[in-house]
Amino acid sequence: MKIKNIAIIAHVDHGKTTLMDSILRATGTFNEREELVDRVMDSDSQERERGITIYAKNAAVNYKDYKINIIDTPGHADFGSEVERVLKSIDATVLVVDAHEGPMPQTKFVLQKSIEQGKKILVVINKIDKPTARPDWVIDKLFDLFVTLGANDEQLDFPYVYAIARESIAIRDLSDPRENITPLMDFILQHAPDAPCDEKAPFRMQPSTLDYDNFLGRIAVGRVFEGTINVKDDVWVTTSSGKKKGKIEKLFTYDGLKRTEAKSVSAGDIVAVAGISDIYVGQTIAQFEDTPAITATEIDPPTLAMNFMVNDSPFAGKEGKFVTGNQIKERLLREIQTNVGLKLELSETSEKIKVLGRGEMHLAVLIENMRREGFELQVSQAEVIMQEKEGKIWEPVENVVINLPENYSGAIINLLSQRKGELLNMSSENGYTTLEFEIPARGLLGFRSTFVVVTKGEGTLYSSFSKMAPYFGEIKKRQAGSLIAGETGKATAYSLWKLQDRGPLFIHANTNIYEGMILGESTKGQDLTVNATKEKKLTNVRSSSADDAIMLIPPIQITLEKALEYIKEDEYVEITPQNIRLRKKYLTENERKRNYKK
């Protein structure tokens, strides 16, 4: 059977995973249980909760005389390393674009990677059933983007098809009857090149992702570039430090969403290999010791850093299962084996580990996974990773596209200008304004929660890495200070009632608090130490205000992302399986004063 290897790429929420569902249904891949599930490829709990794809996943379908290996990739730029490493395994990319929005920042990001690697690009204009759909305009914008990204002549002549992924419909021409997804399958067979299948050459394979099984250990997933290999065959693995010998214990190919055990695998297919204990992404598995290694794909470096530390608050160890520095270190070392966009800088002690990632969401997903596994830790404010070139400091710059009701545009332009943002384009249509900015990555830290408040949740903001540029200077962000607990105990409704005039609160009444914990925001712009444990004194003396009803404003819900965005350089986020707390680095007021003077 002939093989085609493709990856589906798109900007967030342009319908990539829904289109994948349609292909799986059309080829009879779903079983009875999966028939009931939308976005079946988003199998991770966080993916389903957030509504985005985080991890690249493999599937395979049979259509006519072909086996089509399909890789579903993330659309969010923070998980771009998942896209970069799988592109080497495929021969064509299917670019899904919204019929109204057109190319967006992360469309540009994933498309650029495909163009750089010379991949054949097939375009799907999705959501043509939208009342505001403008497919011809989208095609023109895509062509301009291809030119800007340096596409060759073959890539510029990209074929395209129209789709309504939600209804499993594809059409080659806008006047065609809308029946099923079959035109998309025929479109892929026509334009995606066949995978080269040189089965006589010496075996060579390169892992693009890693998985783990409790019985089989580490499993390498990737494409067989040449040759054939059998179960129990000896192989050689090329690493950065030389070559080592290994043995193939199990082989798997993909059938729908499942792995099927195989006795041998051949060139062109995407397979899974078990038995090599310490295999890594980008290494080469070869049949012979003298077989040349396959060049590893360069992954873009991390842009953001954060310190992961042992929780040392007064509540430490009460809620978590894994609380020690060694346990946190071992978990992070396991993570970097499969998460290639992540790097670690270890200190002499395991009390503090610097974690470098691709963005706030990239790090937030890792932290959320850890707390769900029972880890307890605290993390510092995220900081942008600078580079030194020619004696000057350079920093990453983001391209930002914002769509919002036009009456909010003035406020957002003002806020981003204060954060060193430069407005590149502005257009209005049907009461909505689209803004395009270039802004230092530092300027976006902590901005998203402000953006949601200012636009009352009606705006969308997308960003992706644009370039490195000389340091922009100091950026002033959060103007408000913090309300800091001055006592340890239980917060009383009476105290919170008195404090809520000083700023919005983050906690409910009867919440256990400790000295140095952040209870809310101080609107006066400076930190304020307060007593939230004071109770109302009961006496037989009455006054006109003695029996006022205590009316508490509902506190702001502190999510992990909001906490990571909110904190300043002298604050930490304490994370446990049950709670997310904000705290000062130095818990007592005397310690804070002493260290601020230093």
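Values below: all heavy atoms of this structure, side chains included; hydrogens, waters and symmetry mates excluded.
- Judged by distance alone, with hydrogens and angles left aside, the side-chain atoms of T93 form no donor-acceptor pair with the main-chain N or O of L95 at under 3.5 Å.
- R172 contributes atom CZ, which lies 5.0 Å from atom CD of Q190 (distance to the nearest 0.5 angstrom).
- Side-chain contact between N126 and T18 is absent, with no heavy-atom pair separated by less than 4.5 Å.
- For the atom pair E368 CD and E561 CD, the distance stands at 7.5 Å (nearest 0.5 Å).
- Closest approach of P135 to I125, counting heavy atoms only: CB-CG2, 4.1 Å.
- Using a 4.0 Å cut-off between a side-chain N of Lys or Arg and a carboxylate O of Asp or Glu, E167 and R178 do not qualify as a salt bridge.
- No donor-acceptor pair closer than 3.5 Å links the side chain of K127 to the backbone N or O of H100.
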### Message
I'd like to know whether E376 forms a salt bridge (Lys or Arg N to Asp or Glu O under 4.0 Å) with K321, so could you lay out the CA-CA distance, the side-chain angles of the two residues, the decisive distance to 0.1 Å, and finally the verdict.
### Response
CA-CA 7 Å; E376 185 177 305; K321 183 179 176 184; over 6 Å; no
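- Residues T559 and I580 are not in side-chain contact: their nearest non-hydrogen atoms beyond the backbone lie 4.5 Å or more apart.
- When only modelled atom types and interatomic distance are considered, D269 and N69 share a side-chain donor-acceptor pair under 3.5 Å.
- At least one donor-acceptor pair closer than 3.5 Å links the side chain of N152 to the backbone N or O of Q155.
- Going from atom CG of L342 over to atom CD1 of I336 covers 7.5 Å, rounded to the nearest 0.5 Å.
- Contact of the N230 side chain with the I248 side chain is not registered, since no non-hydrogen atoms from C-beta on lie closer than 4.5 Å.
- No option in D233, T228, I229 other than I229 meets the side chain to side chain contact (heavy atoms under 4.5 Å, CB included) test with F203.
- The environment of K244 atom NZ is dense: over 12 non-hydrogen atoms of other residues, nucleotides or ligands sit within 6.0 angstrom.
- Of the charged side-chain nitrogens involved, none lies within less than 4.0 Å of a carboxylate oxygen, so that K562 and E565 do not count as a salt-bridged pair.
- Nearest heavy-atom pair, K120 versus H191, reported as atom, atom and distance to 0.1 Å: CE-O, 3.6 Å.
- Considering all non-hydrogen atoms of both residues, K119 and L87 come closest at CE-O, 2.9 Å.
- Between K329 and L344 there is no side-chain heavy-atom pair separated by less than 4.5 Å.
- For the pair T238 and Q283, the tightest heavy-atom approach, listed with the atom from each and the gap, is O-CB, 3.4 Å.
- Across all their heavy atoms, R259 and V221 have their closest contact at NH2-CG2, 4.0 Å.
- Salt bridge status for K354 with E383: present, with a side-chain N to carboxylate O gap under 4.0 Å.
- K200 has no carboxylate O lying under 4.0 Å from a charged side-chain N of E226, or vice versa, which leaves the two without a salt bridge.
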### Query
Does the pair K130 and D98 meet the rule for a side-chain contact (heavy atoms from CB on, under 4.5 Å), with working shown?
CA-CA 9 Å; K130 277 186 172 182; D98 186 288; 2.9 Å; yes
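- Annotation: the span from K4 atom NZ to I90 atom CD1 amounts to 13.0 Å, rounded to 0.5 Å.
- Distance check, rounded to the nearest 0.5 Å: CD1 of I6 to CD1 of I68 gives 6.0 Å.
- With T576 contributing its side chain and G320 its backbone, the two residues share no donor-acceptor pair below 3.5 Å.
- Using a 4.5 Å cut-off on side-chain heavy atoms (C-beta onward), E398 and S466 make no contact.
- Put simply, the side chain of R358 never gets that close to the backbone of P302: no donor and acceptor are under 3.5 Å apart.
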### Task
Show your reasoning for whether side-chain contact (heavy atoms from CB on, under 4.5 Å) applies to I385 and T303.
CA-CA 5 Å; I385 300 170; T303 58; 5.7 Å; no
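- The closest side-chain heavy-atom distance from R331 to Q327 is not below 4.5 Å.
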### Task
Carefully, step by step, assess T291 and W236 under the rule side-chain contact (heavy atoms from CB on, under 4.5 Å).
CA-CA 9 Å; T291 303; W236 290 87; over 6 Å; no
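- Looking only at distances, a side-chain donor or acceptor of S22 sits under 3.5 Å from a matching main-chain atom of A165.
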### Message
Run D198 and R204 through salt bridge (Lys or Arg N to Asp or Glu O under 4.0 Å) and show every step you take.
### Response
CA-CA 11 Å; D198 186 356; R204 287 200 304 171; over 6 Å; no
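- A pairwise comparison of heavy atoms in Y254 and I270 identifies CD1-O, 3.6 Å as the closest pair.
- Between L142 and V97 there is a side-chain heavy-atom pair separated by less than 4.5 Å.
- D186 and Y63 are linked by a side-chain donor-acceptor pair at a separation below 3.5 angstrom, with hydrogens and angles left out of the test.
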### Message
Could you go through L366 and F308, starting from their C-alpha distance and side-chain angles, then the distance that decides it, and tell me whether this counts as side-chain contact (heavy atoms from CB on, under 4.5 Å)?
### Response
CA-CA 11 Å; L366 168 62; F308 283 44; 4.1 Å; yes
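- At a threshold of 4.5 Å between non-hydrogen side-chain atoms, the residues I9 and S114 count as touching.
- Ionic pairing of R134 and D140 is not present here: no N-O contact between side-chain nitrogen and carboxylate oxygen is shorter than 4.0 angstrom.
- Checking T260 against T253 by side-chain atom types alone, no donor-acceptor pair falls below 3.5 Å.
- The backbone N or O of G282 lies less than 3.5 Å from a partner atom in the side chain of Q206, making a donor-acceptor pair.
- Under 3.5 Å, the side chains of Y66 and D194 contain a donor-acceptor pair of N or O atoms.
- The local environment of NZ in K243 is crowded, with over 12 non-hydrogen atoms from other residues, nucleotides or ligands closer than 6.0 Å.
- Here the straight-line distance linking atom CD1 of I328 with atom CZ of F322 works out to 11.0 Å at 0.5 Å rounding.
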